[in-house]
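The chain is numbered in sequence order, starting from 1. The analysis underlying the following values was restricted to heavy atoms, covering all of them including side chains, and did not include hydrogens, waters or symmetry mates.
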Amino acid sequence: VGILASIGSTQYQMSVRKSRRAEAKLYLTSVYSLEKAFYSEYSAYMPSLGAIGFSPEGHRRFYYIEPCFDSIAFPFAGNIGGGGFMVYRKATGEIGALDFREKAPMAAFKEMYLDSIGNIIPNKSTLGALSVGVPGTIAGLFAVHEKFGTLPFYQLIQPAIDLAKKGVVVTENQAVSFNKYRGDFYPANQKTIFLDQEWKAGDTIKYLKLAATLERIRDNGKDEFYKGKTAEILVDYLSNLGGIITKVDLANYEAKWRKPIVFDYKNHKIISMTLPSSGGICLAQILKSVEPYDLKKLGHNSTQYIQLL
């Protein structure tokens, strides 16, 4: 199953890098299914594993590794072939941010998605081996575990391995989404992958090669993904598809701790992600722009309300 064996559903990621807004409902359904599966499978181990607990503030805390679960139960939400950002605030008031976003490979260049006369080449930046960056999720997971972890990493990743082997029951919304993007699987991979079939609610998907990948990461740590056998599988697969990510790109990847964006909005202190994410800056600009106005007085979705926003 090629790249699935190395980065867990990156085949899928290459096929669905277009807007995922329509999958918002799917996310809620899948998170529920994920938690339900976790409860039923690991309820006997929760006292010792500390699988799910509650902070003094009443916020739920997850002690399994969610991105690894997502790559199995809900690849739309993220997987170990992707990346992301994390913003945190501890009970002590300490704040921080982690940047583990994907990075462009060293061979990338400004005009790589343009033809000889400067026009955009359709789908080149959104489908296939040239559309993906150097993954950051695994580096991010290990960085967070090193800074905040209290349980051994192998305990945290094992539930995801077990779920990948046991299989995930496809929900109705997931079946719709898998089938929606089915036509992209072959163009992205130049071969038929096991996801390339008609799915229906109630079907079970087992990710056995992904489980093997997670086992290698469990046993060998972060370097397995960035310097080990998994790195070799990933680079070879992408290279055969015309990709430009190299072993050096993977070996050089590092997650970066950063200082988050902090600003006040009325009586609230907002902590958000800094660059390279634009979210924190844009959020601050938006909220500061509307802060002088009484939105409640304008009326939800009134003409003035909509014009202002």
Side-chain angles (χ1 to χ4, degrees), residues 1-14 49 62-75 77-86 98-107 129 132-166 168 189 193-194 206-241 243-257:
V1 190
I3 209 165
L4 261 172
S6 58
I7 60 176
S9 297
T10 298
Q11 289 180 321
Y12 203 38
Q13 180 189 358
M14 290 195 296
L49 178 61
F62 295 89
Y63 293 94
Y64 55 83
I65 301 178
E66 186 171 353
C68 294
F69 254 68
D70 282 345
S71 67
I72 301 159
F74 187 38
N79 53 67
I80 63 172
F85 304 113
M86 183 188 81
L98 181 63
D99 169 13
F100 56 100
R101 186 69 196 216
E102 305 94 322
K103 295 183 179 179
M106 292 185 294
V132 296
V134 181
T137 295
I138 292 299
L141 292 177
F142 276 92
V144 172
H145 184 260
E146 181 179 358
K147 190 176 183 71
F148 301 113
T150 57
L151 293 174
F153 192 86
Y154 73 87
Q155 280 188 276
L156 299 175
I157 199 171
Q158 190 61 46
I161 295 171
D162 295 342
L163 183 62
K165 291 180 177 179
K166 183 177 181 179
V168 178
N189 298 280
I193 64 173
F194 81 104
K206 293 184 179 182
Y207 297 92
L208 300 182
K209 290 195 174 182
L210 174 54
T213 299
L214 296 178
E215 287 177 330
R216 292 196 302 270
I217 294 171
R218 177 198 63 195
D219 297 340
N220 304 317
K222 183 183 75 170
D223 282 351
E224 166 59 38
F225 188 87
Y226 292 99
K227 299 177 182 179
K229 179 180 178 179
T230 301
E232 294 177 1
I233 295 172
L234 170 58
V235 170
D236 289 346
Y237 191 89
L238 290 175
S239 296
N240 290 335
L241 291 171
I244 56 176
I245 292 177
T246 66
K247 294 179 182 178
V248 176
D249 287 317
L250 289 170
N252 287 343
Y253 186 93
E254 292 183 5
K256 300 289 186 181
W257 290 102

### Message
Measuring only between side-chain heavy atoms, which start at C-beta, is D223 closer than 4.5 Å to F142?
### Response
no

### Query
Can you name the closest pair of heavy atoms from K206 and F194 and give their distance?
O-CE1, 3.9 Å

### Task
Compare every heavy atom of I157 with every heavy atom of L214, then report the nearest pair and how far apart it is.
O-CD1, 3.8 Å

### Task
Please report the shortest heavy-atom distance between F225 and I80, naming the atom on each side.
CZ-O, 3.5 Å

### Query
Partners of D236 by side chain to side chain contact (heavy atoms under 4.5 Å, CB included), sequence neighbours excluded?
none

### Query
Mind checking what makes salt bridge (charged side-chain N to carboxylate O under 4.0 Å, His left out) contact with K165, not counting sequence neighbours?
E215

### Query
Which heavy-atom pair separates L250 from A231 by the least distance, and what is that distance?
CD1-CB, 3.7 Å

### Message
For a quick test of reading the model, state the closest non-hydrogen atom pair linking P159 to L156 and the distance between them.
### Response
CD-O, 3.5 Å

### Residue list, salt bridge (charged side-chain N to carboxylate O under 4.0 Å, His left out) with E254, at least two apart or on another chain
K256

### Summary
One should read off an interatomic distance between K227 NZ and K247 NZ, to the nearest 0.5 angstrom, of 13.5 Å

### Summary
Residues passing the side chain to side chain contact (heavy atoms under 4.5 Å, CB included) test with A255, sequence neighbours excluded, are L98, F100, A139, A143

### Message
Does the plane of the ring in F148 sit parallel, tilted or perpendicular to the ring in W257? Use 30° and 60° as the thresholds.
### Response
perpendicular

### Task
Measure the shortest side-chain to side-chain distance between T137 and N79 over non-hydrogen atoms and say whether it is less than 4.5 angstrom.
no

### Query
Between D249 and M106, is there a donor-acceptor pair closer than 3.5 Å when you use the side chain of the first and the backbone of the second?
yes

### Query
How about Y207 and L163: do any of their side-chain heavy atoms sit closer than 4.5 Å?
no

## Note on the structure
By side chain to side chain donor-acceptor pair (under 3.5 Å), N220 pairs with (sequence neighbours left out) E224

### Query
In chain order, what residues pass the salt bridge (charged side-chain N to carboxylate O under 4.0 Å, His left out) check against D99, with sequence neighbours excluded?
R258

#### Entry: Min side-chain heavy-atom separation E102-I245 under 4.5 Å
no

### Message
Nearest 0.5 angstrom please: K229 NZ to I217 CD1, how far?
### Response
12.5 Å

### Query
Going by heavy atoms in the side chains, are L141 and V144 under 4.5 Å from each other?
no

### Message
Between H145 (side chain only) and L151 (backbone N and O only), is there a donor and an acceptor less than 3.5 Å apart?
### Response
yes

## Note on the structure
Nearest heavy-atom approach of T246 to V235 is C-CG2, 3.7 Å

